[in-house]
Every structure is written in structure tokens, then in C-alpha cells.
Amino acid sequence: MCMALAEGGALHLTSCMHRQPTFRFLFLCFVIFIAFGLPAFAESKSPIQERADRFLALANAGYQAVFRVNSEAQWNAATDVTPEHDAAAEATGKAFAAFNGNTAIINEARELLTHQRELREITVRQLKQLLLNAAEGPMTNPELVAKRVAAETKQASLMNGFEFKLNGQKLTANEIDNKLEKSTDLAERKAVWEASKEIGPMLKPNLVTLRDLRNGVAKEMKYPDYFSLQVAAYGMTTDEMLKMLDDWMATLRPLYLQLHTWAKYKLAEKFHQPVPKKIPAHWINNRWAQEWTGLVEAANIDKYFEGRTPEWIVKAAEQFYTDLGFSPLPQSFWEKSDLFPVPPDSKRKKNTHAYCYHIDLENDIRSLQSIEPNSRWFFTAHHELGHGHYFEAYSRPEVSYLLRIGAAPGFHEGVGELISLAASQVPYLQSRGILPREFNADKTAFLLDDALARSVPFIYFSCGTMPHWEADIYARNSPPDQWNARWWKYVSDFQGIEPPSPRGEQFCDAASKTHINDTPAYYYNYAFATVFKFQLHDYIARKILHQPPQSCNYADNKEVGTWLNNILKKGGSEDWRKVLKEATGEDISTRAMMDYFKPLMTWLEEQNKGRQIGWD
Ligand SMILES: [Zn+2]
């Protein structure tokens with residue numbers, strides 16, 4: 001990726017934005033005045049710019065109004081799953097789609113974009129965003145849109161209301177995760193893993209319907225398929241996106257092969273089994289083998305969270321941001337969020353994933369979590385509040401409602417992930433009294449855990465299995481009777497993982513992953529976020545803190561807060577490549593990520609001496 005700017009270069013650029021007009025600036029205005037006979041301050045608008053401004057004022061106001069009503073209904077449906085809330089969410093979903101996909105909006109945005117060269121860049125960005133929003137439900141085909149909204153709502157309801165069962169006993173998703181984290185009994189692990197996949201066949205028929213409906217709306221807007229529509233948010237085609245993801249996997253592959261080898265030996269020893277070629281899926285704590293936690297005892301800090309309350313976890317996360325100089329989240333966040341698990345005796349069902357909602361695109365920010373006092377939820381809370389602070393940073397008059405989004409979709413996830421990474425640094429945890437002062441960190445252990453639990457295997461799930469499978473079903477129209485075989489081929493090829501026993505087409509294991517159902521063709525955003533977070537972290541550690549990226553502490557550093565806020569407050573008003581380059585001096589790449597794990601590579605090669613590397 002990128003050659004670094006001269007030190008401080010990016011800071012210099014951003015600090016320009018706050019400067020008073022200088023003599024040079026006034027002189028430039030004078031030259032423009034002489035040259036064009038126009039006062040540079042009161043630039044007169046062209047008729048086409050006037051027309052675009054009037055149109056966008058209306059579009060922005062309408063967009064915010066329907067966005068708010070729809071978010072409120074979606075919030076109710078996710079925090080309290082009932083037929084009434086589902087019906088309300090379906091109705092507002094239709095209204096939202098009807099506004100975004102309004103034929104008059106599509107036609108006027110297209111017409112104005114034929115005059116693109118005469119319009120301001122910020123105007124063009126909003127018009128293009130309008131078309132991307134419209135593409136989710138173009139009312140040029142209202143019947144198709146209505147069918148899609150109904151099918152999306154049905155899928156969300158099936159998913160949120162599903163009850164996992166183990167030996168006839170109900171168990172929650174949190175309980176599945178806890179069992180896979182703790183159990184050393186392989187028979188039990190296999191049963192729990194299989195129970196977690198039971199949701200797939202129930203979701204498959206409607207997923208097949210959704211695949212066609214999603215592709216249908218994309219085609220209506222002249223995109224070849226739904227996957228292409230989604231990656232258009234990066235200004236990329238499906239092939240360009242897959243190539244970028246494949247390049248990232250190729251650069252990290254030597255490290256992944258070393259980690260995979262180390263992990264399978266470690267797991268074989270733990271379960272008293274012969275060393276396999278591929279790692280059986282139920283040996284790994286995560287249901288999709290996307291993160292490999294719990295393999296490095298020396299980096300397990302759960303015991304330091306014992307006796308803490310869930311409330312303490314989320315307050316600690318909030319303090320991270322306010323100590324960097326971010327404004328606190330609004331009071332309504334604390335009043336309206338749904339942060340803790342539903343009590344076991346409650347009849348209420350809620351979505352057990354973690355989300356952050358920007359309800360009104362202003363100050364109504366809420367988070368849905370099920371926080372428990374352990375390190376996993378500690379980092380998740382830091383991540384979710386990152387979305388909240390991002391929302392807050394760009395909710396300002398200079399950023400129109402249509403552009404109150406990340407510079408690219410992966411920016412939002414990346415900022416959350418960056419703060420998770422920062423919050424996991426040993427010096428930070430010590431400075432906050434979570435780890436004792438005298439805590440003597442085994443640096444290799446922490447780096448190994450970082451790689452396994454949060455970064456490297458995750459790349460092969462998020463750049464490999466997920467986007468390749470979704471590109472197959474959306475862009476290549478893969479037949480449903482091959483979906484499970486295709487899924488396991490990718491899990492095997494990219495991740496080096498195999499199922500505990502053969503998984504035929506009576507299963508649909510991809511559909512056990514929430515995002516396949518409710519956030520389609522989106523998962524590569526998490527891969528982008530991972531690569532991006534290491535770039536931001538590398539810049540912060542080396543250029544601002546002057547500390548090693550593997551062991552640093554952001555706490556209380558206002559310069560870090562200002563630098564980060566300069567990225568966040570822009571929202572979607574500039575191209576993501578420009579924002580990243582101005583902030584870090586680099587283009588997107590795995591350079592910073594590979595540097596971060598360099599000390600680990602030598603250690604792994606030593607450990608794996610004489611072992612067979614890889615699974616071919
Ligand atoms: Zn997130």
C-alpha cells in the first residue's frame with residue numbers, strides 16, 4: 001500500500017481546514033476576480049446547479065423523514081420480536097423503499113447526472129447516492145419491490161424467532177457460544193455445533209426466493225446482479241472487488257499457513273486426537289471457524305472481567321471515546337438502548353447480535369447488544385460504540401442526510417474494529433486498571449491471540465468463503481441444490497476447515513450465518529475493515545503516539561481523537577480512497593497488517609519446524 005507521506009503530512013492537510021483566510025488565499029481571490037470578473041465569495045449558481053440544489057433539499061428532507069420512521073419500526077422488531085412489530089416493520093420498510101425508489105427521484109437524479117460536469121462534486125455524490133439507495137427498491141417495478149420487502153421481513157422474523165435446541169432443550173445463541181468456548185468433550189461439541197446449523201434448512205427456501213428478488217431489483221437499476229450493486233458503493237465491479245480480496249489473501253497466506261499448522265497441532269493435543277490435515281469445524285470455538293479464540297491461555301484475560309457488571313463494560317467503552325476528546329453519546333442513547341440479555345424468565349425475544357442504529361440521522365443513536373461481563377463483550381461494546389461516535393461525528397449541517405454514511409461501507413466497521421484493537425492493547429488495559437500494573441504480558445502470546453482470534457483466520461472467511469459463495473449465488477446464479485457443497489468447498493479451500501461429518505444438500509450451512517440472510521453481499525466490508533483498521537492503527541501508533549503498534553496506549557490522547565474525528569466527520573462527502581490517502585499517506589493494502597504480525601512469523605516458523613504446513 002502506500003508510501004508514507006512526510007511525517008505529519010496528513011495532519012497538516014487536515015489542519016488547513018480550520019485556518020483563517022490567509023493573505024495568500026485573499027490574493028488568490030483577487031486574481032480570480034480579475035480573471036473572471038466575478039467576486040469569488042459570491043459565486044453565482046448555474047441554472048442546472050440551482051435545479052439540483054432545489055431537488056436535493058427536497059430529497060434530503062424526505063429521506064430523513066422516512067429513514068426515521070423505518071428505523072424506529074426496525075428497532076422495535078429487533079428488540080421485541082412479535083407479529084405486530086414485524087407487520088409494522090414491513091409497512092415502514094415499504095414506505096422507505098417507496099420513497100427511495102420513487103420513479104420521479106430516479107428520473108431527476110439520472111437527468112441531472114447527464115450534466116455532471118456542470119455540477120459541484122458534493123452534488124454529484126448525493127445524486128449518485130440517491131441512485132444507489134433507489135436500487136434497493138426501484139418503484140419502476142412496484143410489484144417486485146413489494147415482494148422483496150415481504151420476503152426480507154419474513155426472513156428476519158424466521159431468524160429472530162428461531163429456537164435452537166440441544167437434546168430437546170431450548171438454548172440461546174449465547175449459550176451455544178459459551179458451550180463451544182468451554183466444552184472439551186468432542187461429542188458434546190459436535191452436538192452443539194450441529195444444533196447451531198439446524199436453522200439453515202428452515203431459512204433456505206425463502207433465501208432462494210430472496211436471491212431472485214434481490215437480483216431482480218438490481219437488474220431493474222441496470223446492475224447485472226445484487227452483488228455488483230453492493231460493491232458499487234466502493235466504485236468497484238464484482239471482479240475488481242474479488243480480485244482485491246484475493247490479493248489480500250495471497251499476501252497473508254504464508255502467515256495463515258503457519259497459524260493453521262500451529263493451531264491444528266494445538267487442538268489435536270487439547271482433544272487427544274491425531275493431527276488432521278484440515279481442522280474439524282467443531283474443534284473451533286466459533287460456529288463458522290471465522291475467529292479462533294481460546295487457543296492462547298496466556299492471553300486469556302476473562303478472569304479480569306469477573307465480578308464486573310455489564311453496565312461497567314459499556315461505560316468503560318464509552319469512556320474510551322470521551323477520553324480521546326469525543327463528545328459523549330447523547331443522554332437518549334442510555335435511555336433508549338437495549339444493551340443487556342433478556343432475563344431467562346422473560347417472554348420477550350430479541351435479536352442476539354450486536355447492532356448500533358442511527359434512528360433519525362441526528363442525535364437519536366441506539367445500540368442493541370446482550371452484554372455479559374467477559375472480554376468478548378468488552379471488545380464488542382467498544383466496536384458498537386464506534387458506530388455511535390461515527391454517527392455523531394458526521395451528524396452536522398455540512399454533511400447532508402444522504403451522505404451521513406461512512407466514506408465506504410467498510411469504514412464504519414473499520415473504526416469499530418480499530419477501537420476494539422486499541423482496547424485490547426496491554427498498556428491500555430493496565431492504564432485502566434483492568435489488568436494489574438505488575439501484569440507481565442507474554443508478548444508473543446498476545447500477538448498470537450490477536451492474529452488467531454481477531455484477524456488472520458478471519459480474513460479467509462471474510463475475503464474467501466463468504467464473498468465467493470455470495471458472488472456465486474448472486475452473480476453466477478449458482479443452483480440451490482449445490483449451495484451446501486459449494487459452501488464447504490470454499491470453507492475447505494480458503495480456510496482449511498472440514499465439517500465433523502458430511503453435510504449434504506439437506507442442510508444450508510451458509511444460511512446459519514446471520515449476514516447471509518439480513519445483510520447480503522456485505523461481508524467483505526468486514527475484511528475491508530480489518531485491513532483498514534491496521535492501517536489506521538499503524539499510523540496512530542507510529543506517527544502520533546510514537547509507540548510500537550503491537551503494544552501501545554491511546555488513552556487520553558487528544559491528538560489521536562482529533563485525527564480520527566477528521567476522518568469520521570466527513571461521512572460520505574469525499575471519495576474513500578482520498579480520505580484514506582490524506583489521513584495515512586497510503587492506499588488500501590495489507591502492508592500494515594503484515595508488519596503488525598512480523599514478529600510472530602519468526603516464532604511460528606520455529607514452532608512448526610518439521611511439521612507439514614498446509615492441507616493439500
Ligand atoms: Zn459493526
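Whatever order the structure lists them in is the order used to number ligands and atoms, beginning at 1. Side chains included, hydrogens not; waters and symmetry mates left out as well; all remaining heavy atoms used.
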Just checking: His383, one of its N/O/S atoms, less than 2.8 Å away from the Zn ion (ligand 1), yes or no? yes
Under a 4.0 Å threshold between the charged nitrogen and the carboxylate oxygen, would Glu417 count as salt-bridged to Arg454? no
On the 0 to 90° scale, with breaks at 30° and 60°, tag the Tyr522-Tyr526 ring pair as parallel, tilted or perpendicular. perpendicular
For N/O/S atoms only: which one belongs to Glu413 and is nearest the Zn ion (ligand 1)? OE1
Hey, what's the ring geometry for Phe461 with Trp487, parallel, tilted or perpendicular (30° and 60° as the breaks)? perpendicular
Using the ring of Trp334 (Phe, Tyr or Trp, six-membered ring only), decide whether Lys315 places NZ or CZ under 6.0 Å from its centre and within 45 degrees of its axis. yes
Give a yes/no answer: is there an N/O/S atom of His412 under 2.8 Å from the Zn ion (ligand 1)? no
